[in-house]
Structures are given as C-alpha cells and as structure tokens.
Undergrad: 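I'd like to ask some things about the structure below.
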Amino acid sequence: MTGTLGYGLVLGALVCAAFGALVGLTSGLRRSEAGFPWVMRAVVGFFACMTGANLAMVYALVTDDFSIRYVAQVGSRATPLLFKIVSLWSALEGSILFWGFIMASFLLAFALVHRKEHQRYMSLALGTMLAVGVFFAFLIAGPANPWGAVSPVPADGPGPNPLLQNHILMVIHPPMLYLGYVGMTVPFGVAVAALLRGEIGDAWMAPLRRWTLLAWLFLSIGIILGSWWAYAVLGWGGYWAWDPVENASFLPWLTATAFIHSTMVQERKQMLRLWTMSLALASFILTILGTFMTRSGIFNSVHSFTQSDIGPTFLVFIAVLLVISIALLATRGHLLVAQGRITSWMSRETSILVNNLVFVAITFTVLLGTVYPLISEAVRGVRVSVGEPYFNKMAVPGGIAVLFLMGVGPMLPWGTPDKAAVRRQFLIPAGVGLAVTALCYGMGLRGVYPLLTFGLAGFVTLITLRELMAPVRVRMTERKEGLVTAVVQSASKARRRFGGYVVHLGIVVIIVAVAASSAYVTHTSGTLRMGQTMTLSGYQLKFLGMTSGEEPHRAFTAARVEVTTPGGQVEEFLPRMNYYERSTDPVGTPAVRESPKEDLYVSLMAYSQEAGTASLNVWVFPLVGWIWWSIPILVLGSLIAMWPSRRRVAVSTASTPAAAGAAPPVADGDMNRGAA
C-alpha cells in the first residue's frame, strides 16, 4: 500500500512538472501573463506530491516495510531510528527521491517570494525550473524507481552503508550538499529566462545574486562538512584527496563564486552580462555533471554509489543542457550588450575580471584531471590515474592568486583610479604582509608557498578589516545643469558589502588552515606492545591494551592509548574499529584531540589480541580545525549579504526647482518598478 501510494505521488509530481513547464515556457515566450496562475498551481502540486512521496518513504523505512525494494536494500531492524531516517539519502534511488523534494521546495520558495513580480519573466523562469523537475521526476518514476515490490519479502535487511552510519556528520553533510546542488536550479532558470527574453534588468540581478549566494552557502557548508567527515571517519589522516566526487562538488562552487563576483561588475558598470549568464548556466550544468559522477558508478570512490542504469540518462540530459545553453548564448547573447567598458587596469572591475579568469582556469584544470582517466580509457583502452600533484600544480598557485586578489580588489576604486591614493592605501597592508612573513620565518617555518600564503593572509586581513570598519561612503553620482545629487549607499548594498567582507575573512581562515595543515603536518606509525611508547612533535603515546564493546547496530574493538601532551597533560585515547553485522570489513574511527593550535590524530590500523599489539598511525595537523570552524563565519557573512532591503536613502541638493521633483533611486529589492 505504501509503495503504491509513493509511486502514485511521484507520477503526480511528473504530471505537475510537465504541465507547469509547458504552460510556463509557452506563456512566457508569448509574453502573456494568463498562464502564470496555472504555473503557480503546478509548482504547488509538484511540491505537494514530492513531499508526500518522501514522507511515504520515510514511513516505510521507519516501519521496516521490506516489501518495498529500497527498504529491503538499505533497511534493517537493528538500525537506530535516526539512521533509518537518514537512509532516505544513503543509496541511489532514495537520494534521487530526496533530491526531488529539495528541488520542489526551492521552486515553491522562489515562486512565493517573487510571485507578484514580472509574471511573464516568472513564467519563463519557473517553466525552465519545472522542466528540470520533469527530468528528475522521470528518473524517480523510471530508472531510479525506489518503489518496486520485493517477493518474497525478506525478514530483515542489510542496513545502510556502514560508512554512512559511522558518524553524525552523515546526517547533515549530504542534505547540505544537495541543497547546494539543487539550489543552482534557480539561477539557471532565471538565466535561461533572461536569454529567452534577451534582457536582464538590474531589478532581476538582486534575486539572481541572492539565490545563487544561498546555493553557494549550502554548497560551501556541504563541501567543508564532507571534508570533516572524511577526516573524522575514514582514518586515513587527511580531509581532501582530490577524489573525483570531491572534485564534482568543487567545480560548481568555483563557477558560482566567479558568478557572484561577476554580478558586482554587471550591477556597477553594466558590463560582463553575457559572461555572467554563462557562469550561471555552467554552474548548474556542473552540478548535473557532479550528480552523474556520484550516481552512475563510473568512478571508484568512497563517496559514490554503486553501478546503476541511470548513467546514460544523465548523459543525455547533460547533452541536452549543453546544446540548449550554447544555442541560447549564441543566438540571444548579442542582446545582452555591455553598456560600460574597462577604463583602467588598476580598477576594481579589472581585478574581478582577473579573479573570474583564475577561477575558470582552476575549474578547467580540475575538470580535465577528473574526466581524463575516463576519456583515456574510452579512447585508448588504457586507464590512467591523475593524482594530487597534478591538481596541486594549478590549485596551489591559483589559490594564492585568489588570496592576493581578495586584498587588491577592495583597495581599488570603480573606474579610473587615483594612482597616488591607491599606492598610499597599499603601503601599510603590504608592510603588514611582509612583517607576517618575516615573523613566520623567524619562528622556523619554511616553504615558499606557505610563507607566501601567510604573508598574503595578513595583507588581505588588514584590508578586509579596514573595509569593515570604514564608514558609509557618500559618493558624488550625478552633476548635471547645476544639480548635485549625493547618494548614500543603499542599506542593501551596505549589507552586501559588509557580508561579503565577512565571508572573505572566512575564506582567509580556510586558506591559512589548509596551507598550515598541509605544509607542516608531522606523521609517524608503528606497532606497539603493551606498555611501549612512541613520540611525535612533543606528544608521547603509550599503548595500554585493547578493549571491546557492543552498541545496538555494531560492535567495536579499541586500542587504549595514554597520551601525554607537550604541556604535561595526560589523556586516554580510544581509536577503534567498528564491526557491522552485514559488513565483512571493519570501519575505523580515529581518536582526535582538537585544539586551536593543532590536532593530534590517532588511527588504529591493525591489532592482535593474541600478541597484545596494536598498529597505530599518528599525525599532528597544525590549525586544521579552523577549516570546519570557518563555517559560522561563512554563514554569518552570507546571511548578512542575502538579507533583503526595500529602502534606499537619497540626499538631494537642488539648485533649480526641477530638482525637487527628481525621483529617488529604486531599491535593489523593488523589482516592480525596475532599476535605478
């Protein structure tokens, strides 16, 4: 009964999405508003059906309804309730079903927020998004159908993948990543609508930027939490390995970051319109490519799902997206003509353009290294491996270039600069950067790249703090026939500016933490008998013996390790191996002593009860915890930047009677009346 209900709801979602896409695109292209109410109804119906289907699957998982194929695949009576619910996204079919729910939620939120604004434009945008919904509803109803019947009904199931129930981070990491992926559907829909109409007014740039920033925030959190999960669960002594599925999430993050910066140039200088739309399209296509990498089974990764039949379907969808995007850019792009131009290479728009080019170069490098093994195998029949050295050759200098531009950009004015003023602003931050580099060198730190990173971090931090502390600037924006209008930055722009700089501080924290933990990590390993010790970076580790126990869904064996810190504190570590009933291989859980300065990381690799020995891997990672502790900074800055505002303050000094009747500028959020 539950399976029939769930499948019927999926079919209902497919019908709603198809109807809404057809009506939305048709009425939007005809520039008619008559179809918009029906598009709204289709969005609501799509959301209701997808929500119902997901609730039905959660109910089946919680009640151990093994007559449903997906529950028989991932369910287990011994699995704790929390992980039964999490099982919804623990395997291929359930994750696609959950994806559909998130997409429906995004579409409904976007439709409700902007339902009274430019309905012809909304019809095109929502029609495009619902067309994407058609594809995913089709997947759930067809190749990735989780509702199939099982006969005979098994008495129990294998439970979810042990890796997915070995740490609480798996409760929040996948949803954050999915929210980032699916959220890119909104800017894609708006970009397609803009190209179809041949225009993108300033009034639509505010929501386009805001929804992209929301998806970017979720994607950033998902990537960082995924790194934390790999660090805390897998026991391999790292958090990023340039795994193909890691790269799949990193690629749209790069293009979305470039897009967010590009919208600033479009808003201020009426430039890079076509480039901005291209980045919006590319970000969405890369999320679909990442989904294909994760769910087709073509990559051998701890993150990916098993082999499935949906790979060819995804490839067809990616091909369709590419053809549509290229055709739109080729046939409609000329309508998005830039109204401004770059007047100086020492301008903020130039720094943002260079920033964009660096992001795109990193994107191309990572994409090529990720897919090249597949291309090589398909063309030459030879499977090659592209490892960390290849990616680091571009990512490390690229990251340093981005860090440098994060400092240079805010110092430069829009348009033609006063070079003497720029030099004066540059001197003190540059001096601070050199002082930080010299201090690090004096403390015994070596290496060109890490020292350069720390120096640039000091340079960027000072500039960012200076900008955060700066008062609201009053700029002369108009001088015409004796009329002088002084426009104070709008509340929304001031917030975006402040929030953006807070996010920059979070990115600086991440870059410094990555540089320190990668360049100055120390490591040792060995097999200890009871009572023996090993030392690393001032830590002394003494093996006290083995212990074991049982939990509701697993058993474990742990090594008791007495750790004496450089400061003389004594603590007991329990690095362990977890054994799941239906898994032949144990899943390790390292023991980690976290501190702001460094992490001590101890992993149990092997043990022998008979011989009384344990083989340990031990690392000391400087500053590594700041990678995940940056999340609150990113969240705070993004929320400040996204917060909507309807007001814009204008102060006018009129020398003629006509000035008194001058219309005030329009707020970024006032989409009904157009741009200022």
Side-chain angles (χ1 to χ4, degrees), residues 15-47 103-104 106-135 184-212 263 266-267 270 272-281 284 320-321 323-339 663 666-676:
V15 171
C16 289
F19 174 76
L22 179 63
V23 174
L25 291 171
T26 302
S27 61
L29 290 173
R30 292 177 177 176
R31 299 179 179 257
S32 168
E33 298 182 5
F36 181 71
W38 291 101
V39 178
M40 288 292 296
R41 294 185 184 101
V43 170
V44 173
F46 183 60
F47 171 78
M103 177 173 291
F106 264 105
L107 265 63
L108 181 64
F110 179 81
L112 292 177
V113 169
H114 303 296
R115 64 187 181 279
K116 297 180 180 179
E117 300 157 356
H118 296 300
Q119 293 186 359
R120 286 175 295 181
Y121 206 118
M122 283 289 292
S123 292
L124 280 173
L126 287 174
T128 302
M129 298 175 205
L130 285 168
V132 177
V134 169
F135 169 73
M184 294 298 175
T185 307
V186 173
F188 173 77
V190 175
V192 169
L195 288 167
L196 287 173
R197 288 181 62 87
E199 60 184 20
I200 179 68
D202 291 345
W204 264 102
M205 284 309 300
L208 179 58
R209 179 178 52 247
R210 192 174 294 125
W211 286 93
T212 305
T263 58
Q266 177 168 337
E267 179 186 26
Q270 301 299 310
L272 304 183
R273 289 184 172 184
L274 184 58
W275 173 252
T276 302
M277 293 300 102
S278 300
L279 289 173
L281 298 176
F284 176 72
V320 170
L321 290 175
V323 170
I324 292 175
S325 299
I326 294 172
L328 285 174
L329 292 172
T331 59
R332 310 291 288 175
H334 68 280
L335 299 176
L336 303 179
V337 179
Q339 298 177 9
V666 182
D668 289 343
D670 192 348
M671 296 166 56
N672 290 314
R673 289 185 287 171

Undergrad: If you look at every heavy atom in A193 and A125, which pair is closest and at what distance?
TA: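 That would be CB-N, 3.7 Å.
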
Undergrad: Enter the distance from L274:CG to Q266:CD here, rounded to the nearest 0.5 Å.
TA: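 L274 atom CG to Q266 atom CD measures 10.0 Å (nearest 0.5 Å).
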
Undergrad: Rounded at 0.5 Å granularity, tell me how far CZ in R31 sits from OH in Y121.
TA: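 Reported value, rounded in 0.5 Å steps: 10.5 Å.
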
Undergrad: Who are the ring pair (Phe, Tyr, Trp, His ring centres under 6.0 Å) partners of F47, not counting sequence neighbours?
TA: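 Here no residue qualifies.
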
Undergrad: Using every non-hydrogen atom in the two residues, find where L25 and T128 come nearest and quote the distance to one decimal.
TA: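 Shortest heavy-atom separation between L25 and T128 comes out as CD2-OG1, 3.7 Å.
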
Undergrad: Could you walk me through whether L321 and L281 satisfy the side-chain contact (heavy atoms from CB on, under 4.5 Å) test, starting with their C-alpha distance in whole Å, then the side-chain angles of each, then the deciding distance to 0.1 Å, before giving a yes or no?
TA: CA-CA 9 Å; L321 290 175; L281 298 176; over 6 Å; no

Undergrad: If the condition is ring pair (Phe, Tyr, Trp, His ring centres under 6.0 Å), which residues does F110 pass it with, not counting sequence neighbours?
TA: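 Only H114, W211 meet the ring pair (Phe, Tyr, Trp, His ring centres under 6.0 Å) criterion with F110.
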
Undergrad: Looking at every non-hydrogen atom in both residues, tell me the closest pair between F46 and M103 and how far apart they are.
TA: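 That closest heavy-atom pairing would be CE2-CG, 4.4 Å.
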
Undergrad: Could you measure the distance from the CD1 atom of I326 to the OG1 atom of T331? Nearest 0.5 Å is fine.
TA: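 Here the rounded value is 11.5 Å.
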
Undergrad: Can you tell me how far OG of S123 sits from CG of L196, rounded to the nearest 0.5 angstrom?
TA: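 L196 CG to S123 OG: 12.0 Å, rounded to 0.5 Å.
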
Undergrad: Hey, could you give me the CE/CG distance between M277 and L272, rounded to the nearest 0.5 Å?
TA: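 Between M277 CE and L272 CG, I get 11.0 Å after rounding to 0.5 Å.
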
Undergrad: Measuring from L126:CG to R115:CZ, what's the distance to the nearest 0.5 Å?
TA: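 One gets 12.5 Å once the value is rounded to the nearest 0.5 Å.
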
Undergrad: Where is the tightest heavy-atom contact between P187 and T212, given as atom of each residue plus distance?
TA: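 Looking at all heavy atoms of both residues, the closest pair is CB-OG1, 3.3 Å.
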
Undergrad: So which heavy atom on L195 is nearest to which on R332, and how close?
TA: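 Looking at all heavy atoms of both residues, the closest pair is O-NE, 3.0 Å.
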
Undergrad: Can you name the ring pair (Phe, Tyr, Trp, His ring centres under 6.0 Å) partners of F284, sequence neighbours left out?
TA: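 In terms of ring pair (Phe, Tyr, Trp, His ring centres under 6.0 Å), with neighbours along the sequence ignored, F284 is linked to F188.
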
Undergrad: Please step through side-chain contact (heavy atoms from CB on, under 4.5 Å) for the pair M129 and V39, ending with a clear verdict.
TA: CA-CA 11 Å; M129 298 175 205; V39 178; over 6 Å; no

Undergrad: A42 and G20: which non-hydrogen atoms are nearest, and at how many Å?
TA: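 In this case the closest contact between A42 and G20 is CB-CA, 3.5 Å.
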
